[in-house]
Chemist: 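Attaching a single structure in structure tokens format; questions to follow.
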Amino acid sequence: MYGLVNRAIQQMVTSRHGEDVWQRIKEKADLADLDFFSTYQAYPDDVTHRLVAAASEELELSAAEIMHAFGEYWITYTASEGYEQLLESTGETLPEFLDHLDTLHARAGLAFPQLQPPSFRCRHGGDRTIDLEYHSHRRGLAPMVVGLLQGLGRRFRTDVQVEQTAARDRGDGEDLFHIRYAESTPPS
Ligand code: HEM
């Protein structure tokens with residue numbers, strides 16, 4: 001995945017746990033020789049997986065917990081790294097935003113030409129519910145999607161409850177998330 005992703009993991013770890021912890025994670029991931037990740041360089045997915053596995057060991061959290069925290073972090077990280085406008089133009093409400101996730105990644109693809117983005121499809125229920133399909137050629141990232149949805153809930157000041165109702169890792173044909181969201185609270 002692009003360096004932007006690995007940099008975000010680095011920033012999440014250093015801001016929450018400090019530089020020493022990050023250095024130990026880098027070593028455990030066999031990346032001690034790497035000085036920094038370049039935002040616009042595409043790294044093998046294995047690099048990201050090794051970082052998550054090493055962080056999981058070092059922080060004594062499951063890989064799913066790390067991915068969940070990372071998904072939530074990604075929303076504020078991308079906003080602070082120059083993509084706030086892209087986020088803004090994707091939707092003014094949570095359901096509108098979720099309808100346009102593929103457009104968001106298509107636009108991001110202009111800056112990241114080798115992007116291999118996920119794809120999402122929404123089915124809206126009448127009672128503030130959405131069933132969200134998630135498609136990716138990668139495996140194991142569903143916990144990140146739950147974190148992303150929580151992060152979006154925070155961005156839109158909306159209480160969000162997410163339940164994964166189908167999972168490729170459990171043998172289902174797709175990853176499916178049932179989302180319940182409350183009305184947004186206006187900024188104070
Ligand atoms: C402006 C904000 C965003 C930018 C710039 C962005 C960009 C990216 C980039 C560069 C990757 C790595 C993929 C690769 O290198 O091939 C990625 C992956 C991913 N993005 Fe986004 N993204 C943004 C927002 C979002 C949001 C709001 C979601 C919410 C669902 C999302 C869901 C994902 C997921 C799940 C992946 C993991 C890759 C996979 O599933 O195969 N992204 N994105």
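Source: prediction; values computed, not measured. Read the numbers this way: they start at 1 and go in the same order the structure lists the ligands and their atoms.
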Chemist: For atom 11 (C) of ligand 1, what's the nearest protein heavy atom and its distance?
Modeler: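 Looking at atom 11 (C) of ligand 1, the protein heavy atom closest to it is Leu115 CD1, 3.8 Å.
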
Chemist: Backbone, side chain, both or neither: what part of Arg138 comes under 4.0 angstrom of ligand 1, heavy atoms only?
Modeler: side chain

Chemist: How far is atom 12 (C) of ligand 1 from the closest protein heavy atom, and which atom is that?
Modeler: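 I find the closest protein heavy atom is Val5 CG2, 3.7 Å.
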
Chemist: Among protein heavy atoms, which sits nearest to atom 37 (C) of ligand 1, and what does the distance come to when rounded to 0.1 Å?
Modeler: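 Answer, as residue, atom name and distance: Leu141 CD1, 3.7 Å.
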
Chemist: Just to confirm my output: which protein heavy-atom neighbour is closest to atom 15 (O) of ligand 1, and how far is it?
Modeler: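 It is Tyr2 N, 2.8 Å.
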
Chemist: Mind checking whether Thr78 has an N or O less than 3.5 Å away from an N or O of ligand 1?
Modeler: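 No, no N or O pair falls under 3.5 Å.
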
Chemist: Just which atoms of ligand 1 are under 4.0 Å from any heavy atom in Leu87?
Modeler: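 Ligand 1 atoms under the 4.0 Å threshold to Leu87: 1 (C), 2 (C).
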
Chemist: Does the pair Glu84/Arg155 count as a salt bridge with the N-to-O cut at 4.0 Å?
Modeler: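 Answer for the salt bridge query: yes.
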
Chemist: Measure the distance from atom 41 (O) of ligand 1 to every protein heavy atom, then report the residue, atom name and distance (to 0.1 Å) of the closest one.
Modeler: Ser136 OG, 2.6 Å

Chemist: May I ask you to list the atoms of ligand 1 that are less than 4.0 angstrom from any heavy atom of Phe97?
Modeler: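 Ligand 1 atoms under the 4.0 Å threshold to Phe97: 27 (C).
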
Chemist: Just which atoms of ligand 1 are under 4.0 Å from any heavy atom in Leu86?
Modeler: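 That gives atoms 1 (C) of ligand 1.
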
Chemist: Should Arg128 and Glu183 count as an ion pair when the cut-off is N to O under 4.0 Å?
Modeler: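 A salt bridge links Arg128 with Glu183.
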
Chemist: State the CG-CG distance between Asp175 and Leu132, to the nearest 0.5 angstrom.
Modeler: 10.0 Å

Chemist: State yes or no: are the ring centers of Tyr43 and Tyr2 separated by less than 6.0 Å?
Modeler: no

Chemist: Once you round to the nearest 0.5 Å, how far does CE of Met1 lie from OG1 of Thr48?
Modeler: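 Those atoms lie 4.5 Å apart.
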
Chemist: Check this for me: does any side-chain nitrogen of one of Arg168 and Glu174 sit under 4.0 Å from a carboxylate oxygen of the other?
Modeler: no

Chemist: Which value, rounded to the nearest 0.5 Å, describes the distance between Gln23 atom CD and Lys28 atom NZ?
Modeler: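 If we round to the nearest 0.5 Å, Gln23:CD and Lys28:NZ are 13.5 Å apart.
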
Chemist: Can you check whether Phe156 and Phe97 have ring centres sitting under 6.0 Å from each other?
Modeler: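 Yes, ring centres under 6.0 Å apart.
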
Chemist: Parallel, tilted or perpendicular: which describes the rings of Trp74 and Phe70, with under 30° parallel and over 60° perpendicular?
Modeler: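 Because their plane-to-plane angle lies in the 30° to 60° range, the rings of Trp74 and Phe70 count as tilted.
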
Chemist: Under a 4.0 angstrom heavy-atom cut-off, which atoms of ligand 1 come close to Met1?
Modeler: 12 (C), 15 (O)

Chemist: Using a 4.0 Å heavy-atom cut-off, say whether Leu149 meets ligand 1 through its side chain, its backbone, both or neither.
Modeler: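 It is neither; nothing of Leu149 touches ligand 1.
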
Chemist: Considering only protein heavy atoms, which is closest to atom 7 (C) of ligand 1, and at what distance to one decimal place?
Modeler: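 Of the protein heavy atoms, Trp74 CZ2, 3.8 Å lies nearest.
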
Chemist: Between Arg50 and Asp30 (salt bridge meaning N to carboxylate O under 4.0 Å), is one present in this structure?
Modeler: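 No salt bridge links Arg50 with Asp30.
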
Chemist: Counting non-hydrogen protein atoms only, what is the nearest one to atom 40 (O) of ligand 1? Give residue, atom name and distance.
Modeler: Tyr134 OH, 2.6 Å

Chemist: Cut-off 3.5 Å, side chains only: do Ser62 and Glu65 have a donor facing an acceptor?
Modeler: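 Ser62 vs Glu65: donor-acceptor pair found between side chains.
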
Chemist: Which one of Ser89, Pro118, Ala79 has a non-hydrogen atom at the shortest distance from atom 34 (C) of ligand 1?
Modeler: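 It is Pro118 that holds the nearest heavy atom.
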
Chemist: Mind checking whether Leu104 contacts ligand 1 via backbone (N, CA, C, O), side chain (CB onward), both or neither, at a 4.0 Å heavy-atom cut-off?
Modeler: side chain

Chemist: Does ligand 1 have an atom that lies less than 4.0 angstrom from a heavy atom of Ile75?
Modeler: yes

Chemist: Short list, please: which atoms of ligand 1 are under 4.0 Å from a heavy atom of Gln116?
Modeler: 14 (C), 16 (O)

Chemist: His105 versus ligand 1: do any nitrogen or oxygen atoms come within less than 3.5 Å of each other?
Modeler: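 In this structure, His105 places an N or O atom under 3.5 Å from an N or O of ligand 1.
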
Chemist: With a 6.0 Å cut-off (strictly less than), is the heavy-atom count around CD of Glu19, excluding the residue itself, greater than 12?
Modeler: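 Enclosed.
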
Chemist: Just heavy atoms, cut-off under 4.0 Å: does His137 contact ligand 1 by side chain, backbone, both, or neither?
Modeler: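 Near ligand 1, His137 shows nothing, with every heavy atom at 4.0 Å or more.
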
Chemist: Using a strict cut-off of less than 4.0 Å between a Lys/Arg side-chain nitrogen and an Asp/Glu carboxylate oxygen, indicate whether Glu163 and Arg180 qualify as a salt bridge.
Modeler: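 Salt bridge flag = no for Arg180 with Glu163.
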
Chemist: Nearest heavy atom to atom 30 (C) of ligand 1: which of Tyr77, Phe112, Tyr83, Phe120 does it belong to?
Modeler: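 Among Tyr77, Phe112, Tyr83, Phe120, the closest heavy atom to atom 30 (C) of ligand 1 belongs to Phe120.
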
